[in-house]
Amino acid sequence: MSEHRLVNGANLPAPAGPYSPAVVFDRLVFVSGQGARDPQTNRMPGDIETQTEQCLRNVGAILDAAGSGLQHVLRCGVFLTDMADFPRMNAVYERMFGAHRPARTTIQAAALPDPALRVEIDCVAYVTRPAHASDTPDAPAL
């Protein structure tokens with residue numbers, strides 16, 4: 001029987017509500033929507049380019065803790081508060097993923113949880129190696 005486990009860790013972005021940064025089921029990892037707040041400084045950049053990069057860094061840190069990485073992302077969801085930001089977000093997204101091209105949906109959202117947040121990104125990826133045990137101390141199988 002398959003089980004799932006929660007991905008948590010002291011160095012990962014803290015969830016803004018009652019959910020896990022990610023959940024692993026078999027070899028799939030489902031990453032919750034990530035904003036642009038830097039988990040080390042608790043600061044949020046203002047421009048769309050820097051926010052997009054920080055969102056993907058946050059996603060990348062969570063994937064790493066789960067035993068994956070950006071190069072193993074299968075699908076992303078991108079939520080923008082202004083679709084006019086799409087070209088600039090897209091340029092950063094392309095740079096961060098390089099030649100890898102996961103499936104993606106991009107929509108304009110009326111609002112995101114923080115009024116300063118202009119972009120949020122979630123994803124589904126696959127696990128390629130064991131998770132970092134030190135990053136998931138309270139991650140029981142459910």
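No experiment lies behind these values; they were computed from the predicted model shown.
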Would you say [X] and [Y] make side-chain contact, with heavy atoms under 4.5 Å?
| X | Y | answer |
| --- | --- | --- |
| Pro39 | Leu12 | no |
| Gln51 | Met89 | no |
| Glu53 | Ile48 | no |

>> Taking the basic N atoms (NZ, or NE/NH1/NH2) and the acidic carboxylate oxygens, is any pair closer than 4.0 Å for Asp114 and Arg37?
In response: yes

>> Salt bridge check, Asp82 against Arg88: does any charged N sit closer than 4.0 Å to a carboxylate O?
In response: no

> Between Arg57 (side chain) and Asp38 (backbone), is there a donor-acceptor pair under 3.5 Å?
Replying inline: no

Joint hydrophobic cluster, [X] plus [Y], side-chain heavy atoms closer than 4.5 Å:
| X | Y | answer |
| --- | --- | --- |
| Tyr93 | Met83 | yes |
| Phe30 | Ile121 | no |
| Val124 | Val24 | no |
| Ile107 | Phe86 | no |
| Val59 | Met44 | no |

How long is the gap from [atom1] on [X] to [atom2] on [Y], to the nearest 0.5 Å?
| X | Y | atom1 | atom2 | value |
| --- | --- | --- | --- | --- |
| Arg95 | Leu56 | CZ | CG | 9.0 Å |
| Glu94 | His100 | CD | NE2 | 13.5 Å |
| Cys55 | Arg118 | SG | CZ | 11.5 Å |

Enumerate, atom names and distances included, each donor-acceptor pair closer than 3.5 Å involving a side-chain atom of residues 68-81, sequence neighbours excluded.
| unit_1 | atom_1 | unit_2 | atom_2 | d |
| --- | --- | --- | --- | --- |
| Ser68 | OG | Tyr126 | O | 2.6 |
| His72 | ND1 | Tyr126 | OH | 3.0 |
| Arg75 | NH2 | Thr105 | OG1 | 3.4 |

>> Once side-chain hydrogen bond (donor to acceptor under 3.5 Å, both in side chains) is applied, do any residues pair with Gln34, and if so which ones, sequence neighbours excluded?
In response: none

Closest approach of [X] and [Y], non-hydrogen atoms and distance?
| X | Y | value |
| --- | --- | --- |
| Ala36 | Leu117 | N-CD1, 3.4 Å |
| Ala22 | Ile62 | CB-CG2, 3.5 Å |
| Glu3 | Phe25 | O-CD1, 3.8 Å |

> Among side-chain atoms of Gln54 and Asn58, is any donor-acceptor pair under 3.5 angstrom?
Replying inline: yes

> Side-chain donor-acceptor pair under 3.5 Å between Asn90 and Arg104, yes or no?
Replying inline: yes

> Does the salt bridge (charged side-chain N to carboxylate O under 4.0 Å, His left out) test come out yes or no for Asp64 and Arg129, once each step is laid out?
Replying inline: CA-CA 9 Å; Asp64 185 57; Arg129 57 183 163 65; 2.5 Å; yes

>> Just to verify, what does Pro115 make a side-chain contact (heavy atoms from CB on, under 4.5 Å) with, not counting sequence neighbours?
In response: none

> Which of these passes side-chain contact (heavy atoms from CB on, under 4.5 Å) with Val31: Val23, Asp122, Leu63?
Replying inline: Leu63

>> Would you say that more than 12 heavy atoms from the other residues, nucleotides or ligands in this model lie under 6.0 Å from the CZ of Arg101, or not?
In response: yes

